[in-house]
Amino acid sequence: MAAGAGQGETMALAGPHSAKATSANPPQRLTVLGATGSIGASTLDLVARSGSAFEVFAVTAHANVEALAACARSCGAERAVIGDATLYKALKDALSGTSIAAAAGEEALIEAASVPVDCTIAAIVGAAGLKPALAAVRTGRRLGLANKECLVSAGDVFMREVARAGCELIPVDSEHSAAFQVLKDAAPESIERIVLTASGGPFRDWPIERIAIASRADALNHPNWSMGSKISVDSATMMNKGLELIEALHLFPVATHQLGMLVHPQSIVHCLVSFVDGSVLAQMAEPDMRTPIALALSWPQRMAAPTKRLDLAEIAQLTFQAADEVRFPAIRIARAAMERGGTAPAVLNAANEIAVAAFLDGRLRVPDIAVMVEETLGMADREGLLAEAVGLEAIISCDQEARRLCREIVAGRT
Ligand code: NAD
Ligand code: MG
């Protein structure tokens with residue numbers, strides 16, 4: 001099951017009626033890794049609305065100093081950390097007149113993440129978030145994990161550290177938050193299948209010829225969710241759902257053949273779990289990430305989230321259809337990497353990050369992304385890179401090598 005040890009020790013977390021911290025119910029200390037992004041902003045929105053229930057220790061960002069300084073000031077963080085080491089002075093200047101401590105560079109990110117707080121929200125995008133998220137895991141406290149690439153790339157190592165440190169891991173990805181809630185006390189042998197739903201993204205009903213000439217703006221135009229650019233492109237190619245299958249494999253006690261996906265355009269049902277007795281349990285909510293983030297902040301209690309309430313009469317119809325692996329080959333490629341296991345998912349993830357960045361830079365078309373990822377996996381296989389995933393260092397060097405291979409393949413293509 002997703003949570004590590006210590007789940008029962010979290011009863012003191014702010015509940016729905018405890019917006020004011022009291023001596024019996026002190027504020028929960030929080031670190032937000034990737035605070036300037038979409039998940040980071042949603043997290044800090046919930047924090048701002050919850051009175052004194054939370055106090056922010058650290059906020060981090062990659063390179064946007066102004067956005068980081070603004071968010072550190074507005075949430076009253078103790079520390080702001082910018083990933084780009086060259087931006088230390090700019091951050092210090094932007095924080096002048098406040099008592100917020102400034103820090104910069106990858107080591108500073110890891111150091112901030114390793115300071116024990118009640119809860120860390122891991123919302124950096126990509127494998128760049130792996131070391132900071134692991135540092136938070138090692139504190140043995142609660143981790144709300146949005147940064148799915150950590151589990152795709154290094155799931156075995158990550159989950160071993162979660163168990164070793166007694167970290168309480170709560171998934172933030174909406175489908176996994178749904179499964180987490182549904183599976184709460186389920187015995188592993190009672191679970192038959194976990195089906196993640198997918199909106200189908202902006203190209204859900206587009207013919208293959210039209211997807212081939214889709215623009216950057218088309219790919220970023222997600223119908224249901226407002227998200228960062230990388231995950232928006234992943235949703236457009238449906239690689240996102242492939243990554244999520246791998247994420248689910250590490251979070252829940254199931255084998256690859258027990259994981260499936262279903263296109264559900266309304267994004268109301270987030271996950272369906274079938275049990276051996278024929279029951280299927282699902283979780284529903286309007287598509288707003290503040291619902292799963294609120295769960296990660298307050299579980300096993302529930303805190304208020306200002307989201308639109310679900311009105312099924314208004315929605316009237318919930319529809320489901322099989323995913324089309326011809327128009328969305330990323331699903332097939334990700335599933336194959338999941339079944340292969342070892343370092344294959346790390347290569348898949350690294351190549352996808354490079355290909356998505358090349359697409360966002362205008363160097364690739366949408367269908368090229370899956371082609372680049374598959375070619376990188378093929379080349380990695382021929383070079384003997386698809387080994388058993390042993391330790392963190394081996395995975396990181398495999399990730400680096402896959403990025404180099406994919407850059408070469410992209411350069412040859414463009
Ligand atoms: P985003 O692009 O909006 O924000 C990313 C954050 O990470 C920013 O604060 C950025 O400064 C920081 N960052 C980027 N590169 C970094 C680096 N190299 N080093 C340090 N920090 C870096 O992304 P997002 O949409 O908020 O997504 C964050 C994560 O959550 C992703 O893994 C995504 O797959 C996952 N997720 C997002 C959503 C969503 O609705 N946005 C839903 C489910 C899961
Ligand atoms: Mg998701």
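What you are looking at is a predicted structure, and each value in this text was computed from that prediction instead of being measured. Both counts, for ligands and for their atoms, begin at 1 and track the order of listing.
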Modelled atom types, side-chain donor and acceptor of E286 and T291, under 3.5 Å: no
Metal-centred angle, the Mg ion (ligand 2) as apex - OE1 of E175, OD1 of D173, 10° resolution: 100°
Distance-only side-chain donor-acceptor flag, D288 / T307, under 3.5 Å: no
Pair listing, side chain to side chain donor-acceptor pair (under 3.5 Å) test, anchored in residues 347-363, at least two apart: D234-N352, N349-E353, E353-R403, D361-R363
When the side chains of residues 193-201 are checked against the rest of the protein, which donor-acceptor pairs come out under 3.5 Å, sequence neighbours left out?
| unit_1 | atom_1 | unit_2 | atom_2 | d |
| --- | --- | --- | --- | --- |
| R193 | NH1 | H257 | O | 3.2 |
| T197 | OG1 | V269 | O | 2.6 |
| T197 | OG1 | H270 | O | 3.1 |
| S199 | OG | G201 | N | 2.9 |
| S199 | OG | H222 | NE2 | 3.1 |

Amino acids contacting ligand 1, non-hydrogen cut-off under 4.0 Å: G34, A35, T36, G37, S38, I39, A61, H62, L109, A123, I124, V125, A128, A146, N147, K148, E149, D173, M227, G228, I231, M289
E55/R29 ion pair, N-O < 4.0 Å: yes
Selection residues 99-111 - residue pairs positive for side chain to side chain donor-acceptor pair (under 3.5 Å), sequence neighbours left out: R79-E111
Of the N, O or S atoms in E244, the one nearest the Mg ion (ligand 2): OE2
Partner of M372 under side chain to side chain contact (heavy atoms under 4.5 Å, CB included), chosen from V356, I354, L364, L405: L364
